[in-house]
Peer 1: 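Quick one: this structure, given as structure tokens, is what I'll be asking you about.
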Protein chains: 2
Amino acid sequence: MPKRVQPRSPDGMQLGGLLVFGLLANSYIVPLVKMERIPRATVNRLPLYLRALESLPSDQGTVSSRELAELIKENSAKVRKDLSFLGTYGVRGVGYNVENLRFRIRRDLGLTRIWPVIIVGAGNLGSALAKYGGFDASGFTIVGIYDNDPEKIGTTIGNLTVRSMGSLRRDAQERNVEIGMITTPVPAAQQVAEQLADAGFKSILNFAPMVLRVSPEVEIRRVDLSTELQILGYYVQQSLAEG
Amino acid sequence: MPKRVQPRSPDGMQLGGLLVFGLLANSYIVPLVKMERIPRATVNRLPLYLRALESLPSDQGTVSSRELAELIKENSAKVRKDLSFLGTYGVRGVGYNVENLRFRIRRDLGLTRIWPVIIVGAGNLGSALAKYGGFDASGFTIVGIYDNDPEKIGTTIGNLTVRSMGSLRRDAQERNVEIGMITTPVPAAQQVAEQLADAGFKSILNFAPMVLRVSPEVEIRRVDLSTELQILGYYVQQSLAEG
DNA sequence: AGGTGTGAAACAGTTCACAGCC
DNA sequence: GGCTGTGAACTGTTTCACACCT
């Protein structure tokens, strides 16, 4: 018998990670239950669901967990569990409303706004990312690229001009940038990470093949190609060993 | 009281995923226990351990689990558990032999050889990867880059000439290439994946922002920048909500 | 004393299976 | 009949805590 906290109960509203139940007579806000966070594993799949939903024909009104599961190569039970964490209502016997679900996921991912992002490191990879047009479609826009090489500063990449590290802090604060990508060589990466943390960045996408160490309130994700290849290598070797 | 199978027991040897105990008098090989696989979570960390080990000063003979833990930002219990799956012996009160541990991890990851890798998609990202020198240090070497755009075929990127998709299959088989990276736009990616699978590739590193569907014996890893940003976005938003 | 190896506990994530609603 | 929502079971991963070795 379902006894869990009702997301969106009649007089409850979700607010900043707390489930708040009503304003009492004397104006106390009473947080009854700490709202359960969406599990990390689920958060990691939300972008995939969103993409799947966006790939559906525009006249498709509803979608079943099985359909979604096929699109992201998972099973339908997982999809249903995941979506249940959003407090989204599917309709039994019918499925999920595509439009509504898309909206919910966009909202939970914070995609109701466009996030400005900067790149530090104007080498091959940084330049390629600066020119890559695909971010805008996902809700992000590259607003700056930085380097400390005087040869590179002032040059143009895509529609951006490479700027000096010295101007990073002020630029970022002016434009409210909170997400940065590090595409420098390894020796520079740690220092850059500290500069970003210092400038108030909240999250970092790190392409330098190393583990960065900054204060834990900065969320860091690593995109580590060598590591990915080595992991693939393990499984290739494994498949050989098994014949 | 430890009663687990002894890795590297005096008369046992590890062979193709089986722990084989001794050759009996009449030449029967007796596989007593199916060798426990290294857990995925551990495999994913092996490249990090390797890098950490390689970053140690060359005169450092041993390393403790705590030291390694700091280098990869994990805790020491996890490090010890992970390393125990390799059947590696640390020495109580001392730590792990750096040289030996490095060798074991390289061997388990299959890095005793250099793996040839090809890239499909000679756009910004593919070109940047082709020029990126960092793979060689990790045991991989880019031996070809492919595209189906006649404008690109024949042009030079780094020290590679872009070749046509038509030559992929034969090239790969001649050179025994089993790992491919897909850096094409989304619409081409699925078809390319099928071509790779068909040409006998064992694993694919997919940079196209979509979920590929090929037969399950092909190991696929996704490097999905938009998705990474969206995940970061979630946590940035979350941190705002909490104040 | 210092540090590994590892059962056992705790936690996280996945899958099952089915009641309940359309 | 179809499909969601979700407890419960299960599987995988992390952490604890301590016996044991050097």
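Just so we're clear, the structure is a prediction, and the values are computed from it rather than from any experiment. Lettering of chains follows the sequences in order, A, B, ..., and the numbering in each one begins at 1.
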Peer 1: In whole Å, I'd like the distance from the CZ atom of Arg45(A) to the P atom of dA12(C).
Peer 2: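 So the two atoms are 15 Å apart, to the nearest Å.
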
Peer 1: Indicate whether any N or O donor in one side chain lies under 3.5 Å from an N or O acceptor in the other, for Arg80(B) and Ser65(B).
Peer 2: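 Arg80(B) vs Ser65(B): donor-acceptor pair found between side chains.
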
Peer 1: Rounded off to whole Å, could you give me the CG-to-P distance for the Asn44(A) and dT13(D) pair?
Peer 2: 15 Å

Peer 1: Between Ser64(B) and Ala41(A), which has a closest nucleotide on DNA chain C that is more 5'?
Peer 2: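 Residue closer to the 5' terminus by nearest nucleotide: Ser64(B).
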
Peer 1: Using the side-chain heavy atoms of Ser84(B), tell me which of these nucleotides is nearest: dT15(C), dT6(C), dG3(C).
Peer 2: dT6(C)

Peer 1: Of the listed nucleotides (dC3(D), dT4(C), dT14(D)), which one gets closest to any side-chain atom of Lys78(B)?
Peer 2: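 In terms of side-chain proximity for Lys78(B), the closest of dC3(D), dT4(C), dT14(D) is dT14(D).
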
Peer 1: Please compare Thr42(A) and Val94(A) by the position of their nearest nucleotide in DNA chain C and report the one closer to 5'.
Peer 2: Thr42(A)

Peer 1: Quick one: list whatever passes ring pair (Phe, Tyr, Trp, His ring centres under 6.0 Å) with Tyr132(B), sequence neighbours left out.
Peer 2: Phe135(B)

Peer 1: Just to confirm, is there a sub-4.0 Å distance from OP1 or OP2 of dC22(C) to any side-chain nitrogen or oxygen of Tyr96(A)?
Peer 2: no

Peer 1: Can you tell me if Tyr234(A) and Asp108(B) form a side-chain donor-acceptor pair at under 3.5 Å?
Peer 2: no

Peer 1: Do Met210(B) and Leu212(B) come within less than 4.5 Å of each other through their side chains, counting heavy atoms only?
Peer 2: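 Yes, side chains in contact.
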
Peer 1: For Arg37(A) and dA12(C), what is the distance between atoms CZ and C1' respectively, to the nearest whole Å?
Peer 2: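 So the CZ-C1' distance, Arg37(A) to dA12(C), works out to 15 Å.
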
Peer 1: Please report, rounded to the nearest Å, how far the P atom of dG12(D) is from the CD1 atom of Ile38(B).
Peer 2: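 Computing the Ile38(B):CD1 to dG12(D):P distance gives 15 Å.
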
Peer 1: For dC3(D), does either OP1 or OP2 sit under 4.0 Å from a side-chain N or O belonging to Ser65(A)?
Peer 2: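 No, no such contact exists.
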
Peer 1: Taking side chain as C-beta onward, heavy atoms only, is Asn206(B) less than 4.5 Å from Val223(B)?
Peer 2: no

Peer 1: Strictly below 4.0 Å: does Arg40(A) bring a side-chain N or O up to OP1 or OP2 of dT14(D)?
Peer 2: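 So the side chain of Arg40(A) is outside the cut-off, no N or O lying under 4.0 Å from OP1 or OP2 of dT14(D).
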
Peer 1: Holding to salt bridge (Lys or Arg N to Asp or Glu O under 4.0 Å), I want the full list of residues that pass it with Lys202(A), two or more places apart in sequence or in another chain.
Peer 2: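 Lys202(A): salt bridge (Lys or Arg N to Asp or Glu O under 4.0 Å) contacts with Glu178(A).
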
Peer 1: Taking the side chain of Tyr89(B) as its heavy atoms from C-beta onward, which of dG3(C), dG5(D), dG5(C) lies nearest to it?
Peer 2: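 Minimum distance to the Tyr89(B) side chain belongs to dG5(C).
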
Peer 1: Answer yes or no on whether Arg221(B) is positioned over the face of Tyr235(A), meaning its NZ or CZ is under 6.0 Å from the six-membered ring centre and within 45° of the axis.
Peer 2: no

Peer 1: So, does Lys81(A) get its side chain near the phosphate of dG5(D), meaning an N or O under 4.0 Å from OP1 or OP2?
Peer 2: no

Peer 1: Asp82(A) CG to dT4(D) C1': how many Å, rounded?
Peer 2: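 About 14 Å, once rounded to whole Å.
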
Peer 1: Atom pairs, N/O to N/O, protein against nucleotides 18-20 of chain C, distance under 3.5 Å?
Peer 2:
from    : atom 1 : to       : atom 2 : distance (Å)
dG20(C) : N3     : Arg92(A) : NH1    : 3.4

